[in-house]
Amino acid sequence: MKDFDEESMQLHIPNNALNIENGIEENIFNKISNFLKNHSGINLPYSDKNQTLLASRTVRILKQFHLKNYRELYAKLVEGDQVIINEFILSMTTNMTSFFREKHHFDLMPNLIHEILEKKKKQCLYDIRVWCSASSTGEEPYTIAMILDETIPKNEGWQLHFLSTDIDTNVLNKASIGLYGEKEMSQVPAHYIERYFEKGKGQYIGSYRVIKEIREKINFALFNLIEEYYPFQHKFDIIFCRNVLIYFEKEQVAKTIKQFENCLNYDGYLLLGHSESILNGPESLKSIAPSVYKKCKIAEGIG
């Protein structure tokens with residue numbers, strides 16, 4: 001394992017939650033919640049738990065912009081104050097993630113990759129396209145990238161196109177840097193740490209950074225999954241969207257799944273979170289394992 005020392009890098013340091021003294025009126029909560037849903041797809045119905053969640057995530061914004069209460073926050077949102085809107089959306093984005101989270105997907109991945117490569121070789125196509133649609137702080141896309149690097153043959157001329165997106169610019173910044181502490185590294189097997197990470201020195205003792213070769217495989221970009229149009233020129237062979245749809249209402253889930261289906265190559269794979277499913281989704285998406293779907297051609301003229 002290589003070491004790295006002091007480099008110029010900008011880190012995102014999360015704001016600690018602040019104590020909340022006053023609740024949010026139900027009608028104001030509902031207005032703010034509707035704004036959130038319309039701009040991010042996140043569904044946050046009124047409850048004591050969600051009232052506390054909204055307050056704890058946004059009280060920093062009130063202090064930062066000298067807003068007296070949540071009525072003033074809502075007024076700024078509907079006025080179109082883009083700075084406050086961006087801060088609000090980012091504050092409400094959930095970014096819980098880890099390396100090798102829901103490990104059964106990563107155990108299955110080499111088999112899925114081999115199937116894709118074998119089919120493409122027969123077509124003389126030597127590119128593979130992967131999209132991680134909820135990057136968060138980078139643990140998931142880097143896990144995917146390490147497995148791809150281990151699985152794709154080095155001497156056959158394969159070209160990997162890897163897109164990783166998120167709605168939160170702060171976590172994308174951290175992801176692109178690829179720097180993690182010992183706690184974040186706890187789920188990474190030792191041979192992956194040895195092969196794919198540099199160990200920090202100096203002020204970075206106790207930290208690990210993903211090696212440049214892996215970082216450069218991934219294109220991190222800002223994207224909102226509730227966009228009406230997904231502007232991708234090429235279809236993907238593998239799409240990850242794990243633990244995002246649980247925050248969407250049924251109608252938005254259906255729209256997003258349809259967009260994924262449109263963006264997926266035939267015989268490509270869509271991987272969702274373990275608690276997510278696509279019941280009554282596109283007929284072409286066939287379940288092959290828990291929360292793993294394969295896009296298949298639909299037989300015509302039968303029946």
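Hydrogens, waters and symmetry mates are skipped; everything else that's a heavy atom, side chains included, is used.
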J.: Determine, step by step, whether Arg71 and Asn27 satisfy the side-chain contact (heavy atoms from CB on, under 4.5 Å) criterion, reporting the C-alpha distance in whole Å, the side-chain angles of both residues, the deciding distance to 0.1 Å, and the verdict.
T.: CA-CA 10 Å; Arg71 287 183 178 274; Asn27 68 321; 3.9 Å; yes
J.: Say whether, by atom type as modelled, one donor and one acceptor occur between the side chain of Glu276 and the main chain of Arg242 under 3.5 angstrom.
T.: no
J.: Please check if the side chain of Ser284 supplies one atom and the backbone of Lys295 the other of a donor-acceptor pair under 3.5 Å.
T.: no
J.: How far apart are the closest heavy atoms of Asn170 and Asp168, and which atoms are they?
T.: N-OD1, 2.8 Å
J.: Measuring only between side-chain heavy atoms, which start at C-beta, is His105 closer than 4.5 Å to Thr143?
T.: no
J.: For Glu283, does the CD atom have more than 12 heavy-atom neighbours from other residues, nucleotides or ligands under 6.0 Å away?
T.: no
J.: If you round to the nearest 0.5 Å, how far is NZ of Lys31 from CG of Asn34?
T.: 10.0 Å
J.: Let me see the working for Tyr269 and Glu115 under side-chain contact (heavy atoms from CB on, under 4.5 Å), right down to the final yes or no.
T.: CA-CA 11 Å; Tyr269 296 95; Glu115 287 185 14; 2.4 Å; yes
J.: Can you get from Tyr46 to Ile32 by hopping between Ile, Leu, Val, Met, Phe, Trp and Tyr side chains that sit under 4.5 Å apart?
T.: yes
J.: Would you indicate whether the side-chain heavy atoms of Val78 and Tyr74 approach each other to under 4.5 Å?
T.: yes
J.: When rounded to the nearest 0.5 angstrom, what distance separates CD1 in Ile85 from CG in Leu73?
T.: 10.0 Å
J.: Within a reach of under 6.0 Å around NZ of Lys294, are more than 12 heavy atoms found that belong to other residues, nucleotides or ligands?
T.: yes
J.: Tell me whether Phe35 is reachable from Phe65 by hopping between hydrophobic residues (I, L, V, M, F, W, Y) whose side-chain heavy atoms are closer than 4.5 Å.
T.: yes
J.: Would a 4.5 Å heavy-atom cut-off, applied to side chains only, mark Ile193 and Lys199 as touching?
T.: no
J.: Please confirm whether the backbone N or O of Lys68 pairs with a side-chain atom of Glu72, one donor and one acceptor, at under 3.5 Å?
T.: yes
J.: Distance check, rounded to the nearest 0.5 Å: Met146 atom CE versus Phe99 atom CZ?
T.: 5.5 Å
J.: For Tyr208 and Val188, run side-chain contact (heavy atoms from CB on, under 4.5 Å): C-alpha distance rounded to whole Å, both residues' side-chain angles, the deciding distance at 0.1 Å, then the answer.
T.: CA-CA 11 Å; Tyr208 297 81; Val188 183; over 6 Å; no
J.: With a 6.0 Å cut-off (strictly less than), is the heavy-atom count around CG of Asn38, excluding the residue itself, greater than 12?
T.: yes
J.: Using a 3.5 Å cut-off and no angle test, enumerate the donor-acceptor pairs between side-chain atoms of residues 223-230 and protein atoms at least two apart in sequence or in another chain.
T.:
{"from": "Asn224", "atom 1": "OD1", "to": "Ile226", "atom 2": "N", "distance (Å)": "3.1"}
{"from": "Asn224", "atom 1": "ND2", "to": "His39", "atom 2": "O", "distance (Å)": "2.8"}
{"from": "Tyr230", "atom 1": "OH", "to": "Leu225", "atom 2": "O", "distance (Å)": "2.5"}

J.: Would you say Phe100 and Pro189 make side-chain contact, with heavy atoms under 4.5 Å?
T.: yes
J.: For the pair Glu150 and Tyr192, evaluate side-chain hydrogen bond (donor to acceptor under 3.5 Å, both in side chains) and give the outcome as yes or no after the intermediate values.
T.: CA-CA 10 Å; Glu150 279 199 330; Tyr192 280 97; 2.9 Å; yes
J.: If every non-hydrogen atom of Ser98 is compared with every non-hydrogen atom of Glu139, which pair is closest and at what distance?
T.: C-CB, 3.4 Å
J.: Check whether any side-chain heavy atom of Leu285 sits under 4.5 Å from a side-chain heavy atom of Leu264, and report yes or no.
T.: yes
J.: We want to know whether Tyr293 and Glu261 form a side-chain donor-acceptor pair, criterion being a heavy-atom distance below 3.5 angstrom.
T.: no
J.: Would you say the side chain of Lys217 lies within less than 4.5 Å of the side chain of Ile214, judging by non-hydrogen atoms?
T.: yes
J.: Is it true that Glu251 and Lys255 make a salt bridge, defined as a side-chain N closer than 4.0 Å to a carboxylate O?
T.: yes
J.: Counting distance only, does the side-chain N/O of Asp237 pair as donor-acceptor with the main-chain N or O of Arg129 below 3.5 Å?
T.: yes
J.: After noting the C-alpha distance and the side-chain angles of Arg215 and Tyr142, does the key distance pass the side-chain contact (heavy atoms from CB on, under 4.5 Å) rule?
T.: CA-CA 8 Å; Arg215 296 199 314 270; Tyr142 285 129; 3.7 Å; yes
J.: Which atom pair, heavy atoms only, marks the closest approach of His104 to Pro290?
T.: NE2-O, 3.9 Å
J.: So, using side chain to side chain contact (heavy atoms under 4.5 Å, CB included) as the criterion, who are the partners of Ser47 when residues are at least two apart?
T.: Lys49, Asn50
J.: Restricting to non-hydrogen atoms, name the atom on Leu54 and the atom on Met92 that form the minimum distance, rounded to 0.1 Å.
T.: CD1-SD, 3.7 Å
J.: Throw together a table of side-chain donor-acceptor distances under 3.5 angstrom for residues 152-165, partners on residues two or more places apart or in other chains.
T.:
{"from": "Lys154", "atom 1": "NZ", "to": "Asp149", "atom 2": "O", "distance (Å)": "2.5"}
{"from": "Glu156", "atom 1": "OE1", "to": "Trp158", "atom 2": "NE1", "distance (Å)": "2.9"}
{"from": "Ser164", "atom 1": "OG", "to": "Ser135", "atom 2": "OG", "distance (Å)": "3.4"}
{"from": "Thr165", "atom 1": "OG1", "to": "Trp131", "atom 2": "NE1", "distance (Å)": "3.0"}
{"from": "Thr165", "atom 1": "OG1", "to": "Ser133", "atom 2": "O", "distance (Å)": "3.4"}

J.: Identify the two heavy atoms, one from Glu140 and one from Cys132, that lie closest to each other, and give their separation to 0.1 Å.
T.: OE2-SG, 3.3 Å
J.: Quick check for you: to the nearest 0.5 Å, what is the distance between Thr137 atom OG1 and Asn173 atom CG?
T.: 11.5 Å
J.: State, with a plain yes or no, whether a side-chain heavy atom of Phe88 is found less than 4.5 Å away from one of Leu36.
T.: yes
J.: Are Leu125 and Leu112 joined in one hydrophobic group, where the rule is that I, L, V, M, F, W and Y side chains link up if heavy atoms are under 4.5 Å apart?
T.: no
J.: Nearest 0.5 Å please: distance from the NZ atom of Lys174 over to the OH atom of Tyr180.
T.: 6.0 Å
J.: Taking the side chain as C-beta and beyond, is there a heavy-atom pair between Arg209 and Tyr204 under 4.5 Å?
T.: no
J.: Do the side chain of Lys37 and the main chain of Leu44 share a donor and acceptor less than 3.5 angstrom apart?
T.: no
J.: From Ser291 OG over to Ile278 CD1, what is the distance, rounded to the nearest 0.5 angstrom?
T.: 10.5 Å
J.: Flag yes if Ile61 and Val83 sit in one hydrophobic cluster, no otherwise; membership is Ile, Leu, Val, Met, Phe, Trp, Tyr, and two members link when side-chain heavy atoms are under 4.5 Å apart.
T.: yes
J.: Are the charged groups of Lys212 and Glu198 less than 4.0 angstrom apart, N to O?
T.: no
J.: If hydrophobic clusters are built by linking Ile, Leu, Val, Met, Phe, Trp and Tyr wherever their side-chain heavy atoms come under 4.5 Å apart, do Ile257 and Tyr266 end up in the same one?
T.: no
J.: Indicate yes or no for a side-chain donor-acceptor contact from Thr151 to the backbone of Ile147 under 3.5 Å, with no hydrogens or angles considered.
T.: yes
J.: Which heavy-atom pair separates Ser136 from Thr97 by the least distance, and what is that distance?
T.: OG-CG2, 3.5 Å
